[in-house]
2 protein chains.
Amino acid sequence: MTTTADRILDSAQTLVQVRGYNGFSYADISAELSITKPSIHHHFPTKAALAEALIVRYRERFAAARKEVDDGAADPRQRLVGYAGLYAETFAQGGRICLCGVFAVDAESLPVQVRQATDAFFADQREWVAGVLAEAGMPATRTSAAAEAYLASLEGALLLARAHGQPDGAADQDRDVVRSVAATLVTALL
Amino acid sequence: MTTTADRILDSAQTLVQVRGYNGFSYADISAELSITKPSIHHHFPTKAALAEALIVRYRERFAAARKEVDDGAADPRQRLVGYAGLYAETFAQGGRICLCGVFAVDAESLPVQVRQATDAFFADQREWVAGVLAEAGMPATRTSAAAEAYLASLEGALLLARAHGQPDGAADQDRDVVRSVAATLVTALL
DNA sequence: GTCTATACCAGGATAGAC
DNA sequence: GTCTATCCTGGTATAGAC
């Protein structure tokens with residue numbers, strides 16, 4: 001069962017990840033779901049409230065997906081590669097980039113709570129990556145900076161993949177760019 | 001001597017780098033420069049034309065700044081670190097991020113020429129970084145992927161720094177994040 | 001090259017019926 | 001929970017005077 005609120009969030013999330021927060025409107029969701037704008041306002045009174053709901057759900061889902069990777073991987077190296085796969089698969093779905101990457105760029109347009117949640121998302125990722133790096137034997141003095149670098153390279157790889165999306169059919173190749181960047185980092189860091 | 005067109009470009013570039021392409025309007029430039037909106041249209045008939053002028057100038061200026069680094073650095077390592085400094089300094093100026101990073105995120109809202117120029121900008125950077133890495137002794141089979149990773153980490157570091165910009169006065173610390181990420185990459189890759 | 005005035009449409013949001 | 005109708009504002013752009 002999918003509620004209307006969920007369908008709105010699905011549509012909105014894709015729109016944000018593809019066009020940016022200021023690049024879509026309620027009219028776009030309305031057209032996609034064949035529902036009127038006031039109906040959307042009924043579920044999410046303001047666009048800011050919609051953004052807040054989006055990031056809350058995104059963090060939950062991302063945490064769950066990361067746990068899948070955590071449980072399915074045999075060693076730290078595999079965990080880091082599998083984690084990068086989450087980003088690569090995001091891009092493979094219609095050239096989307098990380099929701100929080102978009103929110104970071106559009107931070108000025110967003111309410112404080114969303115900005116804080118975005119920051120918290122990255123802090124959470126940093127902490128997890130640092131833990132995996134420690135598990136892989138990296139000295140504690142280096143894990144923090146290395147985790148930041150790994151995270152930055154993944155978010156940046158999505159940007160580069162997006163920029164490269166000129167010839168429309170090349171999304172597969174661009175997804176590999178994300179994986180390739182991650183592989184380079186894992187090899188170099190460990 | 002600064003022409004009106006230049007002043008418009010200056011204002012617009014800052015606005016794009018801080019708010020995103022869809023996050024500002026001619027009214028913002030109008031207010032900042034104490035000039036009317038039609039005057040801006042006189043110099044740049046459409047917002048798309050303004051974006052095109054922006055990226056043309058950005059590429060020229062970035063190339064010049066990179067040449068400064070190229071000429072001033074003694075060895076490849078210093079060149080890479082100095083290059084990262086260009087990104088760090090961008091962020092230090094009011095929390096700006098790379099214009100092309102923003103244009104990559106907002107690509108769907110931009111005309112084809114701007115998208116192509118954004119892609120070309122990144123291709124240019126990739127090529128330059130790859131050349132420096134080769135100069136540093138990296139085998140030719142690895143330079144391409146490593147350059148992509150370095151570039152991604154710099155663009156991503158700007159995103160993370162922006163997201164972290166919660167407490168307003170901490171811009172200095174965030175600029176160091178960019179430099180720290182770059183240092184981690186240089187050490188790990190070479 | 002800059003202005004006033006204005007057109008036009010879209011975005012975000014509300015009132016109130018069903 | 002969804003609709004029709006409507007409001008207000010702001011964004012992009014043009015016409016035409018100075």
Side-chain angles (χ1 to χ4, degrees), chain A residues 1-55 57 99 102-103 105-115, chain B residues 1-55 57 99 102-103 105-115:
Chain A
M1 188 200 92
T2 327
T3 68
T4 301
D6 282 330
R7 294 174 61 226
I8 293 169
L9 288 173
D10 289 342
S11 175
Q13 184 178 325
T14 300
L15 285 163
V16 172
Q17 289 179 291
V18 172
R19 297 197 204 160
Y21 179 71
N22 291 313
F24 82 102
S25 74
Y26 274 32
D28 297 311
I29 303 172
S30 169
E32 193 177 322
L33 302 185
S34 300
I35 199 177
T36 59
K37 287 196 288 171
S39 295
I40 304 172
H41 278 284
H42 172 76
H43 296 281
F44 304 98
T46 66
K47 203 182 177 187
L50 176 57
E52 204 173 343
L54 274 181
I55 200 166
R57 195 184 71 157
L99 182 78
V102 176
F103 278 177
V105 173
D106 293 338
E108 292 278 328
S109 310
L110 294 163
V112 201
Q113 303 112 328
V114 177
R115 281 190 254 181
Chain B
M1 188 200 94
T2 326
T3 68
T4 302
D6 282 331
R7 292 173 62 226
I8 292 169
L9 287 173
D10 288 343
S11 174
Q13 184 178 328
T14 300
L15 285 163
V16 171
Q17 288 179 292
V18 172
R19 296 196 203 161
Y21 179 70
N22 291 312
F24 82 101
S25 75
Y26 275 32
D28 297 312
I29 304 173
S30 168
E32 194 178 320
L33 302 185
S34 301
I35 198 176
T36 60
K37 289 195 282 174
S39 295
I40 304 172
H41 279 285
H42 172 75
H43 295 280
F44 305 98
T46 66
K47 203 182 176 186
L50 175 58
E52 204 174 342
L54 273 180
I55 200 166
R57 195 184 71 157
L99 182 79
V102 176
F103 278 176
V105 173
D106 293 338
E108 292 278 329
S109 310
L110 294 162
V112 202
Q113 302 112 329
V114 177
R115 283 191 253 179

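The sequence lines fix the lettering, A, B, ..., with proteins before strands; numbering per chain opens at 1. Treat the numbers as computed from the prediction; the structure is a model and nothing was measured.
- Inter-residue side-chain proximity for B/V102 and B/Q13 is flagged as unmet; no heavy-atom pair is nearer than 4.5 Å.
- With C/dG12, D/dA15, D/dC3 as the choices, the nucleotide that has an atom nearest any side-chain atom of A/S39 turns out to be D/dC3.
- Taking atom CE of residue B/M1 and atom P of nucleotide C/dG1, one finds them 10 Å apart after rounding to whole Å.
- When each of D/dT12, D/dT2, C/dT2 is scored by its nearest atom to the side-chain atoms of B/T4, the top-ranked nucleotide is C/dT2.
- The distance from atom CG of B/D28 to atom P of D/dG11 is 6 Å, rounded to the nearest whole Å.
- Between B/F103 and B/Y21, the ring planes lie perpendicular to each other; the angle is over 60°, past the 30° to 60° tilted range.
- When the P atom of C/dG11 is taken as reference, atom CG of A/L50 falls 15 Å away, rounded to whole Å.
- In this structure, B/R19 does not pair ionically with B/D106, as no charged nitrogen and carboxylate oxygen lie closer than 4.0 Å.
- Atom CD1 in A/I29 sits about 11 Å away from atom P in C/dG11, given to the nearest Å.
- Of the candidate nucleotides D/dT2, D/dT12, C/dC3, C/dC3 has the atom lying nearest to any side-chain atom of B/P38.
- Atoms OH (A/Y26) and P (D/dC7) sit 22 Å apart, rounded to a whole Å.
- Each of C/dG1, D/dG11, C/dA15 was ranked by its minimum atom distance to the side chain of B/A27; first place goes to D/dG11.
- Side chains of B/F24 and B/V18 form no contact here, defined as non-hydrogen atoms less than 4.5 Å apart.
- With rounding to whole Å, B/I8 atom CD1 is found 10 Å from C/dG1 atom C1'.
- The phosphate of D/dT2 has OP1 or OP2 within less than 4.0 Å of a side-chain N or O from A/H43.
- Rounded to whole Å, atom C1' of C/dG16 lies 17 Å from atom NZ of A/K37.
- The listed nucleotides are D/dT12, C/dG1, D/dT2; the one nearest the side chain of B/K47 is D/dT12.
- Between A/I8 and A/I29, the shortest heavy-atom distance links the atoms CG2-CG2, 4.3 Å.
- Comparing atom distances between the B/H42 side chain and each of D/dA13, D/dG11, C/dT2 picks out C/dT2 as nearest.
- When distances run from any side-chain atom of A/H41 to the nucleotides D/dT2, C/dT2, C/dG12, the shortest one goes to C/dG12.
- B/T36 comes within 4.0 angstrom of a nucleotide base, judged by non-hydrogen atoms across all strands.
- Distance from the side chain of A/I35 is smallest to D/dC3 among C/dC3, D/dC3, D/dT12.
- Regarding A/F44, its CZ atom lies at a distance of 16 Å from the C1' atom of C/dA13, rounded to whole Å.
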